[in-house]
Amino acid sequence: MKRLFIKTYGCQMNEYDSARMADALAPLGYAPAETPEGADMVILNTCHIREKAAEKVFSELGRLRAEKRRREAAGEGMVIAVAGCVAQAEGAEILRRAPFVDIVLGPQTYHRLPEMVARATRAADPDRRGLVDTDFPVESKFDHLPAANASGIGAFLTVQEGCDRFCTFCVVPYTRGAEASRPAADVIAEARRLVGQGVREITLLGQNVNAYHGAAPHRVGGGPAEWGLGRLVRALAEIEGLSRLRYMTSHPRDMDEALIAAHRDEPKLMPFLHLPVQSGSDRMLEAMNRRHGAADYRRLVDRLRAARSDLALSSDFIVGFPGETDADFEATLALVAEVGFASAFSFKYSPRPGTPAALLERQVPEAAKDARLARLQALLREQQQGFNAAMLGRRLPVLFDRPGRYEGQLVGRSPYLQPVHVAAPDALIGQVAMVEIRDLKTNSLGGALVAGAAATASQQERLSA
Ligand code: 5AD
Ligand code: SF4
């Protein structure tokens, strides 16, 4: 058995991709390893979304070179592969700066990984250059990969990749390519398989997941009926044994009526939505090419909350986008104060090579970005703490997914992804039970099982408040 170590940077989609690469290499005899030491193969699955990602990869590669040398001195090999978005964006640069890398492959070609590994391990020539594959092939990798396997109660499932929105700060349309949706039939089959393996919660993934437009499992009336995400969610919710559905990340402009209706009607769809707004200033939103204003976002949130009153929101924010003034930034704070977020990610703008915003004049000085980020994060933290504190005394449906740190304790997730620690029997792993929230920890909640809380999924998932 050979040992495979994968280090994953960045988003959940990379986590999903890493798992699929491991599945693809299993038939070659590779089994997962916990550390790069002693591994026969190492994959760095990289992220290019923000600054320093590439530098982190190069410093990790430096460490791996030492390990590779050690192994080679002992007569053993080590295949080093760089995958993901840095590989896509900087493949040639990687091989120039780190010629000991054997394989560079982009996010759309990892179904070809077994073949590349076979070639890399066959070629003993020390002068051999690394293999690079950063195509955007016509065929879909999903048609060539082995079926996904589950290892826990929650699983990710990529339904859509790439993006056509071209926000001016973002590398995704360049590294992941054009928007493409998987056929609904394939997604449903994968979900069924995961549920058969014990998965109870599925998070549908896509760079712009609510732009999903997969083809229908059966052509209705002969035409290629397209499915939006709302319809996909409804179809997946019918899978018996599946308790919860989530999806991320969404663009406000792609939030259609059918998806909002799914939030209203489908109890398995969790009332927690990651809906990045980036900024509260119309001027900035325009410069970012977001194609919506702050008022559109507020209206959308109102519609969502009208559909599902217990819906909570999270968001991404960028401070210090080129040209952002104090007034623009104040507009962001005002939007946050008005909407109220259960959690959020906020970042300083970082110019990404090849994106339009990187070329804009009036880049904001680092010190101003730091000051704005600190203020925004203070407000967001306050909102998050308030949101968590509001859970005290409430009853929440918790999906238990693992044993806790102490004997007789389990950890699960609330509908809002808050970890909840509860004294509960192991038999509840994989089940949803009602929990009364009794204490508040820094990053989690504590509670007690509500006696006789057995209920149907739909009763459990509807919050009472
Ligand atoms: N600079 C800072 N943050 C960025 N993001 C994407 N590109 C950049 C950039 N160039 C943030 C956005 C996005 C999240 C995934 O990362 O907020 O929603
Ligand atoms: Fe990037 Fe998201 Fe904008 Fe697409 S919608 S360009 S992935 S920020």
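Counting convention: from 1, in listed order, for ligands and their atoms alike. Residue numbers count from 1 along this sequence.
The side chain of Phe169, and not its backbone, has at least one atom closer than 4.0 Å to an atom of ligand 2 (non-hydrogen atoms only; side chain from C-beta on). Of the heavy atoms in Ile49, both backbone and side-chain atoms come closer than 4.0 Å to ligand 1. The proximity of Val172 to ligand 2, defined as any non-hydrogen pair under 4.0 Å, is limited to the side chain. In Pro173, the part holding a heavy atom less than 4.0 Å from any atom of ligand 2 is the side chain.
Of the N or O atoms in Asp316, one or more lie within a sub-3.5 Å distance of an N or O in ligand 1. Of the N or O atoms in Ser350, one or more lie within a sub-3.5 Å distance of an N or O in ligand 1. Residue Phe169 has at least one N or O atom closer than 3.5 Å to an N or O atom of ligand 1.
In summary, the atoms of ligand 1 found under 4.0 Å from a heavy atom of Gln278, numbered by their order in the structure, are 12 (C), 13 (C), 17 (O), 18 (O). Proximity to Tyr349 (heavy-atom distance under 4.0 Å) selects the following atoms of ligand 1: 1 (N), 2 (C), 10 (N). Less than 4.0 angstrom separates some heavy atom of Lys348 from each of these atoms of ligand 1: 1 (N), 2 (C). Set against the non-hydrogen atoms of Arg352, the atoms of ligand 1 under 4.0 Å away are 10 (N).
In this structure, the separation between CG on Leu44 and OH on Tyr9 is 5.0 Å, given to the nearest 0.5 Å. Here the CG-CE distance, from Leu205 to Met248, works out to 7.5 Å after rounding to the nearest 0.5 Å. The CZ atom of Arg394 sits 10.5 Å away from the CG atom of Leu445 when rounded to the nearest 0.5 Å.
Looking only at heavy atoms of the protein, atom 2 (Fe) of ligand 2 is closest to Gln207 O, 4.2 Å. In this structure, the protein non-hydrogen atom closest to atom 3 (Fe) of ligand 2 is Cys167 SG, 2.3 Å. Closest to atom 11 (C) of ligand 1 among all protein heavy atoms lies Arg50 NH1, 3.4 Å.
For Arg176, the heavy-atom gap to ligand 2 stays at 4.0 angstrom or more.
Between His263 and Tyr247, the ring centre distance stays below 6.0 Å. Less than 6.0 angstrom separates the ring centroid of Tyr416 from the ring centroid of Phe387.
Taking the centre and axis of the six-membered ring of Phe169, the NZ or CZ atom of Arg352 falls outside the cone set by 45° and 6.0 Å. Judged by the 6.0 Å and 45° rule, Arg97 forms a cation-pi pair with Phe58.
Although no hydrogens or angles enter the test, the distance criterion places no donor-acceptor pair under 3.5 Å between the side chain of Arg375 and the main chain of Phe329. Between the Asn289 side chain and the Phe166 main chain, a donor and an acceptor come within less than 3.5 Å of each other. Remark: side-chain polar atoms of Asn208 are not paired, donor with acceptor, to backbone N or O of Gly162 under 3.5 angstrom.
Within the 2.8 Å limit, Cys163 places at least one N, O or S atom next to atom 4 (Fe) of ligand 2. Under 2.8 Å from atom 1 (Fe) of ligand 2 lies an N/O/S atom of Cys170, whether from backbone or side chain.
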